[in-house]
*Asks:* 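Below is the structure I would like to discuss, written out as C-alpha cells.
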Amino acid sequence: MEIPLLRYQSLTLDQIQNHNNRSFPFLFSKSKCLNQKKLFSGYGFSFNKTKWKNPFWKIKCCSLDQGLRPRPKPKPAKVNIDVSERSNFVRRPSVGICSQIEKSVLFARYREALDLFEIFEIEGGFDVGISTYDALVNACIGLRSVRGVKRVFNYMVSNGFELDQYMRNRVLLMHVKCGMMVDARRLFDEMPERNLVSWNTIISGLVDVGDFVEAFRLFLTMWAEFSDAGSFTFAVMIRASAGLELISIGRQLHACTLKMGIGDDIFVSCALIDMYSKCGSIEDAHFTFDKMPEKTTVGWNNIIAGYALHGYSEEALEMYYEMRDSGVKMDHFTFSMIVRICARLASVEHAKQAHAALIRHGFGSDIVANTALVDFYSKWGRIEHARHVFDKMTCKNVISWNALIAGYGNHGLGREAVELFEQMLQERINPNHVTFLAVLSACSHSGLSELGWEIFHSMGRDNRIKPRAMHYACMIELLGREGLLDEALALIRGAPFKPTANMWAALLTACRVHENLELGKFAAEKLYGMEPDKLNNYVVLLNIYNSAGNIKEAAGVVHTLKRKGLRMRPVCSWVEVKRQSHVFLSGDKRHPQRKEIYEKVDKLMLEISNYGYVPDNKTLLPDVDEQEARIRLYHSEKLAIAFGLMSTPYWVPLQIVQGHRICSDCHKAIKLIAMVTGREIVIRDASRFHHFKDGHCSCEDYW
DNA sequence: TTAGGGTTAG
C-alpha cells in the first residue's frame with residue numbers, strides 16, 4: 001500500500017534537510033487525499049495561505065463531500081457530581097493511609113497501594129487528595145489493572161472529587177494505559193477542555209493499540225481544532241506511520257519536524273530511525289542516526305534493531321561494539337537484541353561476551369534477555385546450557401517455555417520437549433499456537449506419533465486453540481514419517497480450511513521418502529498450482545522419478561524447469577574460526593585456502609569411500625558432466641567442514657551452520673567423516689541440529 | 001501531567 005501524498009516524495013533526506021524555501025509543502029494534498037478513503041474518510045484538507053503562522057503552515061480540516069462539517073462541541077464531563085450531592089458526604093481524615101499509599105507507589109509496591117485503597121472503599125467518605133489519586137493512578141498503570149481503574153474512578157466519582165484539567169488527563173491516561181480505549185475515548189470526547197497533553201495521551205493510546213488510522217484522524221482534527229503540536233505528537237505520529245508502513249507519510253512528518261525546528265529532538269529522532277528501518281529504508285535510518293546531536297541508548301538500540309531487521313547481522317554487531325566503545329549506557333534492550341543476533345549468526349564468541357556483559361551490567365535476570373539466551377544456547381547446539389539458563393530464570397513467560405521446547409525438539413529430544421510441555425501446563429502457563437508448533441514438531445522429529453496425536457487433539461479441546469495450517473503440516477509430516485500416507489492425505493482433506501502449500505509439501509516429501517509415485521505426483525500437481533515458481537517442489541518430484549528409475553518423467557520435469565527458467569539458488573554454510581565467519585557455497589572457489597580445502601575434501605572422500613560411502617548423484621540434473629558433478633557433490637557443508645577440520649584443534653566440536661536443509665548424501669558422508677577423523681561435528685540446518693560423533697548422528701530417523 | 005526500543009515459531 002502506498003499513499004502518494006508527498007510533494008517531496010522523491011527528494012532525499014539531504015535535500016529536505018537543506019531545503020530553504022519557506023513555502024513549505026502542506027502535509028496532505030487535498031486532491032490526493034480523495035483516493036485515501038480508508039485513511040482519511042470524511043476529511044479533506046485545504047491550505048490557507050493567508051493565515052500562516054509559525055511554523056509557516058497550518059492545516060484546515062473540512063469535509064470533502066458535504067462542505068464544512070465542524071466537529072460537534074464536546075459535552076460536559078459526566079464525572080462531575082452535583083455540588084448539592086457532594087455536601088451530603090461526611091469528610092473524614094484519612095489517618096495516614098494516604099501517605100502510606102503514596103509511599104507504596106513510590107517503591108513500586110502497586111498491589112499494596114491498591115489493597116490499602118480498599119479501606120477507603122469499604123468505609124467510604126474519606127477525604128482523598130490529588131497526590132493520593134495521582135499515586136493510585138500510577139498503581140493502576142503499573143499493574144495494568146482494569147479492575148483497579150474502575151475502582152479508583154468509581155471512588156472519585158462517588159465521592160464527588162472535582163477533576164481539574166490535570167486530573168482529567170491523569171484519569172484519561174489511566175484508562176489508555178490499561179487498554180480501556182472505549183472508555184478512554186468517551187472520557188476524551190466528554191472533556192470540557194482539552195489541552196496538548198489530553199490530545200497526546202489519546203493519540204498515543206490509539207497508536208499503542210494499533211489503531212493507526214484513527215490516530216491520524218484525531219491528529220488532523222487536533223490540527224483543525226487545536227492548532228498546536230510538539231515533538232511528542234510528532235514522535236507518536238511517526239510511530240503511527242511506521243505501524244502503517246507508510247514511509248511517504250513518515251517522510252512528510254520528518255519534513256514538518258525539520259521545519260518546526262524539532263527535527264533534532266531525541267524522541268523524534270528515535271521514532272524516525274525506527275520508522276525508516278521498519279519501512280525498509282535502512283539508509284535513511286542511518287542518516288537520521290548520524291544527524292542525532294546526542295546519540296542516546298534508544299537511538300543506538302533502534303539503529304542496531306534496524307540493521308538486524310534487514311538481515312545485516314554483522315553490521316548490527318559492529319554497531320553494538322561501536323555503541324559500547326562510545327561509552328553510552330547499554331540496557332536490557334541492547335543485550336536482548338545482541339544475543340538474538342548472535343543466535344542468528346551462531347557466533348559463539350560474541351554471544352559469550354554479550355552474556356558476560358549482560359550479567360556485568362546488572363541485567364542477568366531480565367526475562368527477554370534470558371529467553372534470547374535460552375534460544376541462543378539451544379541454537380548453538382548446547383541444549384544443556386539452555387536448560388541451565390532456563391532453570392535459573394526467576395520469571396518466565398510463554399515465550400521462554402516455547403524457546404526451550406523448540407530447542408529440545410530441534411535436538412531430536414522429543415520426550416524431553418513433551419515433558420517440558422506437560423510441566424508448563426502443570427505450572428498453569430497458558431500455551432499458545434507457537435507452543436503447539438514446537439511440541440508437535442518435536443513429536444514429529446522423534447517419531448512420537450501417539451503423543452503427537454493426543455496433543456494435536458488437545459489443542460482445541462483443552463486449550464481452545466484452533467489448529468492452524470502449520471500444525472496440520474506438522475501432523476502430516478509425522479504421519480508421513482511412519483509411511484501412513486493415506487492417513488496424511490485424509491488429514492489434508494479433513495482440514496477445516498483450504499489446504500496450504502506447506503501441507504502439500506509435507507505430503508510430497510513423505511512420498512519421496514516412501515517412493516510413492518502416484519500420490520507424489522498428485523501432491524506435486526497441487527503444489528505447482530499454488531507455487532508455480534518454487535524450484536524445490538520440482539526438485540522433490542524429480543527425485544521421486546529418479547529414485548523410481550522413471551527417466552522419461554524425470555526428463556519432463558527438467559524440461560519444465562528449463563522452460564520456466566528456474567535455477568538452483570546458491571545456498572551457503574559457514575563456520576566460525578577465531579571470531580571470524582568463513583562462508584562457503586557449493587563448489588566454492590573464492591576462499592584464499594581453496595587449494596588446501598579441496599585437497600582436504602578429496603582426501604576425506606577417499607577415506608570414507610573405504611567405509612562404503614558411494615556419492616549419491618540422484619539429485620543431480622542429468623546433463624551435468626563428470627567434472628562438474630564432482631564439484632557439485634562438494635556441497636557447502638563439506639567445504640566448511642574441511643576448512644574447520646584444518647583450522648581448529650581436534651578437541652573442539654566443529655560447529656557448522658547452514659541456511660538450508662542438509663541433504664541425505666551429506667548426512668551419510670558427515671557421519672563417516674566424524675568417524676574417520678574422531679571429531680564431533682554439530683550441524684545446524686534449516687530444520688534441526690545434527691550431532692555427528694563416532695559414526696552416529698543424533699537423528700538416526702533422518703529422512 | 002503525555003513518550004521511544006527487545007525474546008519463541010513461520
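Proteins get letters first, then strands, A, B, ... in listed order; numbering begins at 1 in each.
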*Asks:* Which of these nucleotides, dG6(B), dT1(B), dA3(B), is closest to any side-chain atom of V197(A)?
*Replies:*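 Between dG6(B), dT1(B), dA3(B), the one nearest the side chain of V197(A) would be dT1(B).
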
*Asks:* For F219(A) and dA3(B), what is the distance between atoms CZ and P respectively, to the nearest whole Å?
*Replies:*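 Roughly 18 Å, once rounded to whole Å.
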
*Asks:* Please report the distance, rounded to the nearest Å, between OH in Y276(A) and C1' in dG5(B).
*Replies:*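 Nearest whole value for this atom pair: 18 Å.
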
*Asks:* May I ask you to verify if any side-chain N or O of R468(A) is less than 4.0 angstrom from the OP1 or OP2 atom of dA9(B)?
*Replies:*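 For R468(A), the contact criterion (side-chain N or O under 4.0 Å from OP1 or OP2 of dA9(B)) is not met.
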
*Asks:* Out of the candidates F421(A), Y472(A), F456(A), only one should pair with F436(A) under the ring pair (Phe, Tyr, Trp, His ring centres under 6.0 Å) rule; please name it.
*Replies:*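 Answer after filtering F421(A), Y472(A), F456(A): F421(A).
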
*Asks:* What is the minimum heavy-atom distance between M393(A) and I367(A), and which atoms define it?
*Replies:*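 Residues M393(A) and I367(A), closest heavy atoms: CE-O, 3.7 Å.
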
*Asks:* Write down the distance between OH (Y472(A)) and C1' (dA9(B)), rounded to a whole number of angstrom.
*Replies:*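 Value for this atom pair: 19 Å.
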
*Asks:* Over how many whole Å does the gap from I465(A) atom CD1 to dT8(B) atom P extend?
*Replies:*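 Going from CD1 in I465(A) over to P in dT8(B) covers 19 Å.
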
*Asks:* Could you tell me whether D331(A) contacts a base, only the sugar-phosphate backbone, or nothing, with contacts defined as non-hydrogen atoms closer than 4.0 Å?
*Replies:*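 Base, at least one base atom sits under 4.0 Å.
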
*Asks:* Rounded to the nearest Å, what distance is computed from the CZ atom of residue F333(A) to the C1' atom of nucleotide dA3(B)?
*Replies:*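 Taking atom C1' of dA3(B) as the reference, CZ of F333(A) is at 13 Å.
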
*Asks:* Mind checking what makes side chain to side chain contact (heavy atoms under 4.5 Å, CB included) contact with A369(A), not counting sequence neighbours?
*Replies:*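 With neighbours one apart ignored, the set is S336(A), L358(A), D366(A).
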
*Asks:* Which residues in residues 293-306 of chain A have at least one heavy atom lying under 4.0 Å from any atom of DNA chain B?
*Replies:*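 Residues of residues 293-306 of chain A under 4.0 Å from DNA chain B: T296(A), T297(A), V298(A), N301(A), N302(A).
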
*Asks:* So is the aromatic ring of W401(A) stacked onto the base of dT8(B), judging by whether the centres are under 5.5 Å apart and the planes are under 30° apart?
*Replies:*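 Here the ring of W401(A) and the base of dT8(B) are not stacked, as the 5.5 Å and 30° limits are not both satisfied.
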
*Asks:* Is the cationic atom of R170(A) (NZ for Lys, CZ for Arg) positioned less than 6.0 Å from the six-membered ring centroid of Y133(A) and within 45 degrees of its normal?
*Replies:*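 No, R170(A) does not sit over the ring of Y133(A).
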
*Asks:* Give a yes or no on this: more than 12 heavy atoms of other residues, nucleotides or ligands lie within 6.0 Å of atom CZ of R415(A).
*Replies:*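 No - once you tally the heavy atoms of other residues, nucleotides and ligands closer than 6.0 Å, there are 12 at most.
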
*Asks:* Counting the atoms with a prime plus P, OP1 and OP2 as sugar-phosphate, which does K396(A) contact under 4.0 Å by heavy atoms, base, sugar-phosphate, or nothing?
*Replies:*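 It contacts nothing in the nucleic acid.
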
*Asks:* Base, sugar-phosphate, or nothing for N370(A), non-hydrogen atoms under 4.0 angstrom?
*Replies:*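 Since no nucleic acid heavy atom lies under 4.0 Å of N370(A), the category is nothing.
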
*Asks:* Phosphate oxygens OP1/OP2 of dT1(B): is one of them under 4.0 Å from a side-chain N or O of K177(A)?
*Replies:*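 No.
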
*Asks:* Within this structure, what is the CD-to-P distance between E193(A) and dT1(B), rounded to whole angstrom?
*Replies:*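 My rounded result for the distance is 19 Å.
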
*Asks:* Please determine whether any donor N or O and acceptor N or O are separated by less than 3.5 Å between the side chain of T371(A) and the base of dT7(B).
*Replies:*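 When only heavy-atom distances are counted, T371(A) does reach the base of dT7(B) through a donor-acceptor pair under 3.5 Å.
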
*Asks:* Between Y307(A) and H286(A), is there a side-chain donor-acceptor contact under 3.5 Å, judged purely by atom types and distance?
*Replies:*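 The criterion, which ignores hydrogens and geometry beyond distance, is satisfied for Y307(A) and H286(A).
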
*Asks:* Can you tell me whether the side chain of N195(A) and the base of dT1(B) have a donor-acceptor pair closer than 3.5 Å?
*Replies:*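 Indeed there is one.
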
*Asks:* For M503(A) and dG10(B), give me the distance from atom CE to atom P, rounded to whole Å.
*Replies:*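 It is 16 Å, rounded to the nearest whole Å.
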
*Asks:* When we call it a touch if two heavy atoms are under 4.0 Å apart, what does I266(A) touch: a base, just sugar-phosphate, or nothing?
*Replies:*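 Contact class for I266(A): base.
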
*Asks:* Which part of the nucleic acid, if any, lies within reach of D375(A) when heavy atoms closer than 4.0 Å are counted: base, sugar-phosphate only, or nothing?
*Replies:*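 Contact class for D375(A): sugar-phosphate only.
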
*Asks:* Please answer whether the main-chain N or O of N195(A) pairs with a side-chain N or O of S198(A) as donor and acceptor at a distance below 3.5 Å.
*Replies:*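 A pair under 3.5 Å: yes.
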
*Asks:* List in chain and number order the residues that pass side chain to side chain donor-acceptor pair (under 3.5 Å) with E322(A), two or more places apart in sequence or in another chain; answer none if no residue qualifies.
*Replies:*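 Applying side chain to side chain donor-acceptor pair (under 3.5 Å) to E322(A) gives none.
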
*Asks:* In this structure, how many angstroms lie between the P atom of dG4(B) and the CG atom of D274(A), rounded?
*Replies:*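 To the nearest whole Å, that distance equals 11 Å.
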
